Amino acid sequence: MPAPTSLGTNDLMILLALMRLGDEAYGVPIARALEETVGRPVALASVYATLDRLVERGLVESELGEPTAERGGRAKKYFRITGKGVREVRAAKQSLLKLWKGLPELS
Amino acid sequence: MTTVPPVYAARLLKRLVPTQDFDALLGDITEEAPHRSRLWYWTQLAAAFVVGSWRDIRRHPPLALRAIGIGIATLVVVLAPASAMLRVVRVLSEGGYYLGPYWLTLPPNAFRWLPAVVNPLAFAGSGWAIVRVHRAHGITLLVPWTLIVCGLPVIMLLLIFRDAQSLPLTAPVVGGIVSTLSLPVWILVGGALALVPRRR
């Protein structure tokens, strides 16, 4: 039986966005993916706050890219989900599915 | 509508919250700004300030407590002599003193204006002292002190609304409300002044 997950909704949405985006996951596309999901503007600062927390927990790793002119000479920070992160997402899915099974009207 | 992001705004953010690494975030905001409205840009910067300050405070709770202590101490240091001065001014404006051949006096009601000058100075001084002591943290450590000071007007307004039947909204009452509501602004002004670089 998998351990109960400690991921919040924001954590889970960001981890899923990282898995979808693959190697192109940095602030802007992650925020756009979240905006499409929740249907309202997302603060990039709160996305970074969540990502930094996930990095500290070892669920995500980050890497700096090259600085570009369109970004005012600032580098992109790419994020990638780790093996531990994938396991947490799977555990969260299992927990949610178990809860869903008891509610056929929501299926 | 496209937006060319002003460079000074990002610089200001880095100065106000220097402990946070905003480079990648500012790069993302700069990249996205041409496709978004000006309101979006400023909202993102405001969110960066709030989130950055909150994270800084969470990482350094003892410093946040010390900042509150410095705020209270500054008020005591400034307001205690001001209170004594207020008594003298009150006597002078309500009659005055004979000092030898001289009659020392002030215009009637002059003492009523003293708090309107001293209070903003005291609260601006508290903001200045907090930021001066924690200069490496920008104005982030002003946030807990400002929130506490913001609580005072809220309590005051609640009391006023509770006693609205018996308390007429006369000019001094309205003046008192406006003056109290402006205190957080004075704290931030004092804090911002402490960040102005010194000329050499």
Side-chain angles (χ1 to χ4, degrees), chain A residues 6 8-11 13-14 17-18 20-57 59-81, chain B residues 1-61 64 137-144:
Chain A
S6 56
T9 310
N10 286 347
D11 301 339
M13 284 201 297
I14 284 185
L18 291 185
R20 279 183 180 213
L21 291 165
D23 290 340
E24 288 302 310
Y26 68 97
V28 173
I30 296 169
R32 280 187 188 154
L34 292 177
E35 283 179 357
E36 282 171 15
T37 309
V38 298
R40 58 182 163 76
V42 170
L44 278 160
S46 59
V47 172
Y48 271 89
T50 307
L51 282 166
D52 286 347
R53 207 172 56 239
L54 293 172
V55 169
E56 281 171 17
R57 288 174 60 187
L59 307 180
V60 169
E61 54 193 14
S62 66
E63 187 185 351
L64 279 181
E66 291 295 313
T68 59
E70 66 165 349
R71 297 170 56 83
R74 298 183 183 93
K76 288 176 185 172
K77 196 173 188 181
Y78 290 99
F79 296 91
R80 193 182 311 117
I81 189 166
Chain B
M1 181 186 166
T2 60
T3 306
V4 179
V7 180
Y8 64 84
R11 281 192 196 143
L12 182 68
L13 182 65
K14 288 192 89 167
R15 183 173 277 274
L16 295 180
V17 194
T19 50
Q20 302 291 313
D21 180 15
F22 283 131
D23 252 20
L25 170 62
L26 288 174
D28 286 342
I29 294 174
T30 308
E31 181 185 328
E32 190 68 351
H35 313 290
R36 306 279 190 145
S37 67
R38 190 165 283 270
L39 176 67
W40 178 89
Y41 178 77
W42 287 104
T43 308
Q44 294 294 326
L45 285 187
F49 172 72
V50 172
V51 173
S53 300
W54 174 240
R55 293 181 68 197
D56 199 22
I57 292 164
R58 276 188 68 183
R59 278 185 192 164
H60 307 284
H137 293 266
I139 67 165
T140 56
L141 291 172
L142 277 187
V143 175

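All figures in this text were calculated on a predicted structure; none of them were measured in a lab. Residue numbering restarts at 1 for every chain, and letters A, B, ... go by the order of the sequence lines.
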Note to self: Looking at A:R80, I want to see if its CZ is surrounded by more than 12 non-hydrogen atoms of other residues, nucleotides or ligands under 6.0 Å.
What the structure shows: no
Checklist line | Contacting moiety of A:V42, where chain B heavy atoms sit under 4.5 Å | finding: backbone
Notebook entry, point to check: Does CH2 belonging to B:W42 count more than 12 external heavy atoms closer than 6.0 Å?
Noted result: yes
Checklist line | Pairwise side-chain contact, B:E31 with A:R74, heavy-atom cut-off 4.5 Å (strictly under) | finding: no
Item checked: Neighbour count above 12 (heavy atom, 6.0 Å) for A:E56 CD -> yes
Next item on the list: Flag the pair A:R71 / B:D28 as yes when at least one side-chain heavy-atom distance between them is below 4.5 Å, and no otherwise.
Entry: yes
Notebook entry, point to check: Donor-acceptor pair, B:E32 side chain versus A:V28 backbone, under 3.5 Å?
Noted result: no
Next item on the list: Please state whether the side chain, the backbone, both or neither of B:W40 comes within less than 4.5 Å of a heavy atom of chain A.
Entry: side chain
Next item on the list: Considering non-hydrogen atoms only, spot the tightest contact between A:A45 and B:A48 and give its length.
Entry: CB-CA, 3.5 Å
Next item on the list: To the nearest 0.5 Å, tell me how far B:T43 OG1 sits from A:L44 CG.
Entry: 11.5 Å
Checklist line | Closest non-hydrogen atom pair, A:S46 against B:V51 | finding: N-CG2, 4.3 Å
Next item on the list: Identify which part of A:A43 has an atom lying under 4.5 Å from any heavy atom of chain B, answering side chain, backbone, both or neither.
Entry: both
Note to self: Measuring from atom CG of B:D23 to atom NZ of A:K76, what distance do you get when rounded to the nearest 0.5 angstrom?
What the structure shows: 15.0 Å
